[in-house]
Asks: 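Before I ask anything, here is the structure I am working with.
Hydrogens, waters and symmetry mates play no part in the numbers below; they use all other heavy atoms, side chains included. From a predicted model like this one, the values you see are computed outputs, not experimental measurements.
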Amino acid sequence: AHVGVPMLGVRLPVAGAATGTPHASARSPPDRVRAHARWDARVAGRSACFSRGGAAPRNIPRRMASLGGRRNPRGVALGSVPDERGLAPPDTPTARPGDRTEGDGSSDWITLTALAAAAIFVCYADRSNISTAIIPMAKAFSWDKVAEGGVLSAFFYGYGMTQIVGGRAADRFGGKNVLLFGVVAWSLATFFTPAAAAAGAAPLLLARAALGAGEGVAFPAVHSLIARHVPFERRTTAVATVTAASYAGAAFAFGVTPRVVLAGGWEAAFYAFGAAALLWVPLWVPATFEVVVVVETETETSDDTNESEKANTATRSIGLDRSETFATRETEVSKKKQLVRRVAGFNAYKRSSRHLRGAVRAELGQLRPAELAPDVLR
């Protein structure tokens, strides 16, 4: 004789089979036990697909998707697991000007860092040359110290107003175009500073504010480019290089401007520094850079202790060639999505298996130990 266990779908042998006189409980389990078994059968139906080996079953995505956006006790959003119709598409960066679409771009981050550093070098040189040129300018226009302070401070009004605007524009239009716009804008403002000063105080203040507004977008644009095109393990190097270029540009302006003023007058300092963009723009416009895509997955530990969630970040530089990029990215991301599904499924199995074990104990508890076969007791 056997005892039926509805959750497991098996029949357990009992000792009554040897004598041919099964116990009454084997023929008709109590109603309370059967009711408990029917309730727990729903849990069994949800968890029967899981295997103890940790393999990802076919219907895990459907079971996880049915839970919606609810979070399990360990804090993993089960609703984020892809459904059975396929893996969710990866976070693909939107194509922007300057993104490489073909060819090898493994060293593009070096080119980007060098050009960005050159732009910041010119940026700080253009803003610093007036610190030396202000002395002959004050004599030419009979400025007092208050007027000199007003001319020097006008730059920072424009500089402060475009920091956030530059960051937002870089997010929307791409850092390459924003940095190009900034370089052209502050170079023109530098070049026309002598003419503005000859026109009066108001045009000069406007030119200085325009210089600051153009330079205000420089660092937001550069940081956007570094985040998009420089590999994760090289970003600190890129940022350090750009920062060093800013101080080098200021030092260059302080050292060279006096010589230029002595050689050609204070106007020559603004003409020379403003024309420096003519050397940078032809190199920047045709440049393209490979896009770096960062794929992040979060997994949780599979034991019963309350361990913290672990993040696994895989970084790979890929281009935006539509013929091969998306297939490569989908292959890489699918492996990580499968890992998420396996871990989520295993944890769901563990939680539901506790109910199964409790139900089995409840049913076997209705039988006396002497009636169970030795293999069941083991």
Side-chain angles (χ1 to χ4, degrees), residues 91 93-99 109 112-131 149-193 195-196 201-230 235-236 238-250 253 270 273-278 280-281 283-285 287-289 291-292 294:
D91 295 333
T94 305
R96 293 179 180 175
D99 291 344
W109 73 273
L112 170 63
T113 303
L115 291 175
I120 297 301
F121 180 93
V122 175
C123 172
Y124 272 72
D126 286 354
R127 77 167 66 179
S128 302
N129 61 357
I130 197 172
S131 299
V151 172
L152 295 175
S153 64
F155 166 85
F156 294 97
Y157 288 105
Y159 189 74
M161 288 189 300
T162 56
Q163 294 286 327
I164 298 177
V165 175
R168 185 67 184 92
D171 290 338
R172 183 172 182 179
F173 304 108
K176 188 172 188 290
N177 285 345
V178 174
L179 183 59
L180 176 62
F181 170 80
V183 171
V184 173
W186 83 58
S187 297
L188 290 175
T190 301
F191 190 85
F192 288 107
T193 295
L204 177 59
L205 295 177
L206 183 61
R208 292 297 297 174
L211 172 65
E215 293 193 1
V217 304
F219 271 108
V222 168
H223 290 162
S224 175
L225 290 168
I226 291 176
R228 184 176 181 85
H229 300 290
V230 178
R235 289 176 186 173
T236 303
V239 172
T241 303
V242 171
T243 305
S246 66
Y247 299 116
F270 294 97
F273 282 85
L278 296 177
W280 182 86
V281 172
L283 299 176
W284 181 254
V285 172
T288 57
F289 313 105
V291 179
V292 174
V294 179

Asks: Check A218 against W186 and note the closest heavy-atom contact, atom names and distance.
Replies: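 Here A218 and W186 meet closest at CB-CZ3, 3.9 Å.
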Asks: V184 versus W280: any side-chain heavy-atom pair under 4.5 Å?
Replies: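 Result no, sub-4.5 Å side-chain heavy-atom pair not found.
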Asks: Can you give me the closest heavy-atom contact between L205 and V151, atom names plus distance?
Replies: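 Heavy atoms of L205 and V151 come nearest at CD2-CA, 3.9 Å.
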Asks: How close do P97 and N177 get, heavy atom to heavy atom, and via which atoms?
Replies: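 Residues P97 and N177, closest heavy atoms: CG-ND2, 3.2 Å.
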Asks: Between L115 and L179, is a side-chain contact (heavy atoms from CB on, under 4.5 Å) present by the stated rule, with each step listed?
Replies: CA-CA 11 Å; L115 291 175; L179 183 59; over 6 Å; no
Asks: Run the numbers on L180 and V281 for side-chain contact (heavy atoms from CB on, under 4.5 Å), then give the verdict.
Replies: CA-CA 7 Å; L180 176 62; V281 172; 4.1 Å; yes
Asks: Rounded to the nearest 0.5 Å, what separates atom OG in S128 from atom OH in Y247?
Replies: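 Here the rounded value is 11.5 Å.
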Asks: Could you state the interatomic distance from CZ (F121) to CG (D126), rounded to the nearest 0.5 Å?
Replies: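 Interatomic distance, F121 CZ to D126 CG, rounded to 0.5 Å: 10.0 Å.
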Asks: With side chains defined as the heavy atoms from C-beta onward, is the minimum distance between V291 and R96 less than 4.5 Å?
Replies: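 They are not in contact (no side-chain heavy atoms under 4.5 Å apart), so the answer is no.
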Asks: Testing the basics here: between V242 and A117, what is the closest heavy-atom pair and its distance to 0.1 Å?
Replies: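 The answer is CG2-N, 4.2 Å.
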Asks: Is the shortest heavy-atom distance from the side chain of D99 to the side chain of H229 under 4.5 Å?
Replies: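 Yes, close enough: below the 4.5 Å cut-off.
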Asks: Taking all non-hydrogen atoms of both residues, which atom of Q163 and which atom of P220 are closest, and how far apart?
Replies: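 Where Q163 meets P220 most closely, the heavy atoms are O-CG, 3.4 Å.
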Asks: Is any side-chain heavy atom of V230 closer than 4.5 Å to one of V292?
Replies: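 Side-chain contact under 4.5 Å: no.
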Asks: Decide ring-ring contact (aromatic ring centres under 6.0 Å, His included) for W284 and F289; before the verdict, give the C-alpha distance in whole Å, the side-chain angles of both, and the deciding distance to 0.1 Å.
Replies: CA-CA 11 Å; W284 181 254; F289 313 105; 5.7 Å; yes
Asks: Would you please classify the geometry between the F156 ring and the Y159 ring as parallel, tilted or perpendicular, with 30° and 60° separating the classes?
Replies: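 Perpendicular.
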Asks: Say you draw a straight line from OG of S246 to CZ of R127; how long is it, rounded to the nearest 0.5 Å?
Replies: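 Here the rounded value is 8.0 Å.
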Asks: Return the OG1 to CD1 distance between T190 and I130, rounded to the nearest 0.5 Å.
Replies: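 If I round to the nearest 0.5 Å, the distance is 9.0 Å.
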Asks: For I164, look at atom CD1 and say whether over 12 heavy atoms of other residues, nucleotides or ligands are found less than 6.0 Å away.
Replies: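 Not buried by this count: 12 neighbours or fewer within 6.0 Å.
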Asks: Hey, what do you get for CG (L211) to CZ (F192), rounding to the nearest 0.5 Å?
Replies: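 These two atoms lie 13.5 Å from each other.
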Asks: Which pair of non-hydrogen atoms, one from A277 and one from V183, has the smallest distance, and what is that distance?
Replies: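 Taking every non-hydrogen atom into account, CB-CG1, 3.9 Å.
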Asks: Roughly how far, to the nearest 0.5 Å, is OH of Y157 from CZ of R208?
Replies: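 Here the interatomic distance stands at 13.5 Å.
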